[in-house]
Amino acid sequence: MTEQRNRPRERPVWLRRSGGALARWAGRAARPLVDRFRASLQLRVVASTLIASTVLVLIFSFVVAGSVTSGLLAEREETAVEETENAVEQAAEQLAPYGSTSDEVLATTMQRIVNELAEDPVYAPVIVLRTADGVVTKSHAVSGEALPSEALQDVVADHKIAVQYGDFALDSDEPMPYLVVGSYIDLNVDYELYAFYRLDSQQDAISLLRTNLALAGVALVLLLGVIAALVTRLVVTPVREAARTSQRLAAGLLHERMEVRGSDDLARLAGSFNLMAENLQSQIRRLEEMSMMQRRFTSDVSHELRTPLATIRMAADLLYDNRDDFDPVTKRSTELLQHEIDRFEDLLQELLEISRFDSGFASLEVDAVDVARIAEDVVAGLSHLASECGVPVAVAKPGRRVIAEVDPRRVQRILRNLVSNAIEHAEGGPVEVTVAESETAVAVAVRDHGVGLKPGHADRVFDRFWRADPSRNRKTGGTGLGLAISLEDAKLHSGTLQAAGEPGKGTLFVLTLPLQAGNRVITSPIPLRFDAPILQPLERKEAPHATQD
């Protein structure tokens, strides 16, 4: 029972839920203000100025109010002590003849003394005269605690003048602040005189001072806030203008400039910014001209090479068709010539395609097609290469058709590059092609278990003419532009093409395209996780390939 009593009570469930809901609502309500505060330099400066000035004004007000209050009370206390001493002298002259408190006339005399002192405007309005035997005489009715207080009586009993501040109710009025001064009268009978001085004027002066300090403090804080806002605006406005101008420059509006006003530091900043923008504009134009010249040169060279290449192709075909009539050395040379001409034609065609991408003339011929069917056709077309390399290729796709609005020729080219590269680098291991879809996108993953990629190579495989290992022997002579063109084809579809791999464990490529033309890819149905299994047993089909002897 004791443990149960001492155990703290848990809050009710409804109270915890209400508290959580209130905290979430407060967070949502305060978020716009927090975002606005973080985004505005002027707001932060003004808020910091207001907070700092408020703290300083409060400290100054407390110090000034305390100092003035102490001065007023000290002055009033000094005057009250002098008046009380005079009252003690006057009372002592009239009380000197009495030698005992049993005298019947003593009480009447004491009452007359306190009344005379209370009516005299020089002295305190309330006088209390008491004897050591406890005979108390008052000039007014006093309610509340006993007057005087025990602490004050103890000090006065030691023949000292004592001072005390407190709120007292006289004549059934509301309690008001008084200054009580007590003094000892040393005669045949010991007397104690207590004078009560009202502190109305001092309290009014202190209240007026605090009100003025509060009004002056509020006005000063607001004035400092306005000054901070104006000064900050003078500095922030050019900065904001520079930010807007830089955003327009980043958007391609290279003619945008800042307005230069005056000759101060901000004007020099605007001038320097404009000079920087002019230099950037000239450099960008020069680079654009150089890039345009380079693209034009590549395109012109590619087109100019097509005519002599056609002539060389006809001569090489003639030699290749009659290679059996040549000696072994000439026959081998003819075969090599035919192979290199094929490779050169592929390179020339890919250079022309790259030049179209660079010049911005590449376009899509969109059609609603089954992406899984394209993947199967690509794998079937590369079955001969897979047979030569001894690489089994498996395709996994959903049970239904995966229809997407894409350019079939470009998607087929992407998958042909990915699957052929996977077969070439599989080192005899299996290649897995997986097709998956979501509500907005379709993805095709090509995974091999061959040589893999070294750290940092996953971002470079799409560079033009880059090879992870140029010394490797290949069944098909690649041009070094296949993956670069595949990436451009994916971007042209507003899709993505990503790669991942590990040395000795293989490589994974994931192509993601939107189901509807014009949309963009947000997430891929197949995550780019090299350690996770990609091939799902939805509808698995082994690609046909010749059996090696």
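Atoms considered below: every heavy atom in the structure, side chains included; atoms not considered: hydrogens, waters and symmetry mates.
Every side-chain contact (heavy atoms from CB on, under 4.5 Å) that R401 has, sequence neighbours left out, goes to D370, I403.
When all heavy atoms of V446 and A422 are compared, the pair lying nearest together is CG1-CB, 3.7 Å. Of all heavy-atom pairs spanning L209 and A65, the tightest one is CD2-CA, 4.1 Å.
In this structure, the side chain of S420 engages the main chain of R416 through a donor-acceptor pair within 3.5 Å.
Inter-residue side-chain proximity for S524 and V510 is flagged as met; some heavy-atom pair is nearer than 4.5 Å. Annotation: side chain of V406 is not in contact with side chain of V366 (no heavy-atom distance under 4.5 Å). Counting heavy atoms from C-beta outward, L385 and E424 have side chains that approach closer than 4.5 Å. You'll find the side chain of V411 stays beyond 4.5 Å of the side chain of D489, heavy atoms only. The shortest distance between side-chain heavy atoms of E437 and R400 falls below 4.5 Å. Side-chain contact between F509 and V461 is present, with heavy atoms from C-beta onward closer than 4.5 Å. A 4.5 Å side-chain heavy-atom check between D407 and D367 finds every atom pair outside the cut-off. Counting only heavy atoms from C-beta outward, the side chains of I526 and T434 approach each other to under 4.5 Å.
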L418 and V444: CA distance, side-chain angles, deciding distance, side-chain contact (heavy atoms from CB on, under 4.5 Å) verdict: CA-CA 10 Å; L418 296 181; V444 181; over 6 Å; no
Side chain to side chain donor-acceptor pair (under 3.5 Å) between Q283 and R286, worked out: CA-CA 5 Å; Q283 291 291 336; R286 190 169 66 88; 3.0 Å; yes
Working for side-chain contact (heavy atoms from CB on, under 4.5 Å), residues L515 and T440: CA-CA 6 Å; L515 290 178; T440 58; 5.6 Å; no
Criterion side-chain contact (heavy atoms from CB on, under 4.5 Å) on L487 and K491, from CA distance to verdict: CA-CA 6 Å; L487 180 62; K491 291 181 179 179; 3.9 Å; yes
Evaluation steps, side-chain contact (heavy atoms from CB on, under 4.5 Å), between N279 and M276: CA-CA 5 Å; N279 293 333; M276 178 191 67; 5.6 Å; no
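In this structure, R373 CZ and Q412 CD are separated by 11.5 Å, a value rounded to the nearest 0.5 Å. The CD atom of E75 sits 13.0 Å away from the OG atom of S70 when rounded to the nearest 0.5 Å. In this structure, CG on L497 lies 7.5 Å from CG on L483, to the nearest 0.5 angstrom. The CG atom of L199 sits 6.5 Å away from atom CG of L73, with the distance rounded to the nearest 0.5 Å. If you take OG1 on T512 and NE2 on H493, they are separated by 13.0 Å, rounding to the nearest 0.5 Å.
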Donor-acceptor list for residues 211-231 side chains, cut-off 3.5 Å, not counting sequence neighbours:
unit_1, atom_1, unit_2, atom_2, d
T211, OG1, S207, O, 2.8
N212, ND2, L208, O, 3.2

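Atom CZ of R210 has 12 or fewer neighbouring heavy atoms from other residues, nucleotides or ligands inside a 6.0 Å radius.
K397 has a carboxylate O that lies under 4.0 Å from a charged side-chain N of E376, or vice versa, which qualifies the two as a salt bridge.
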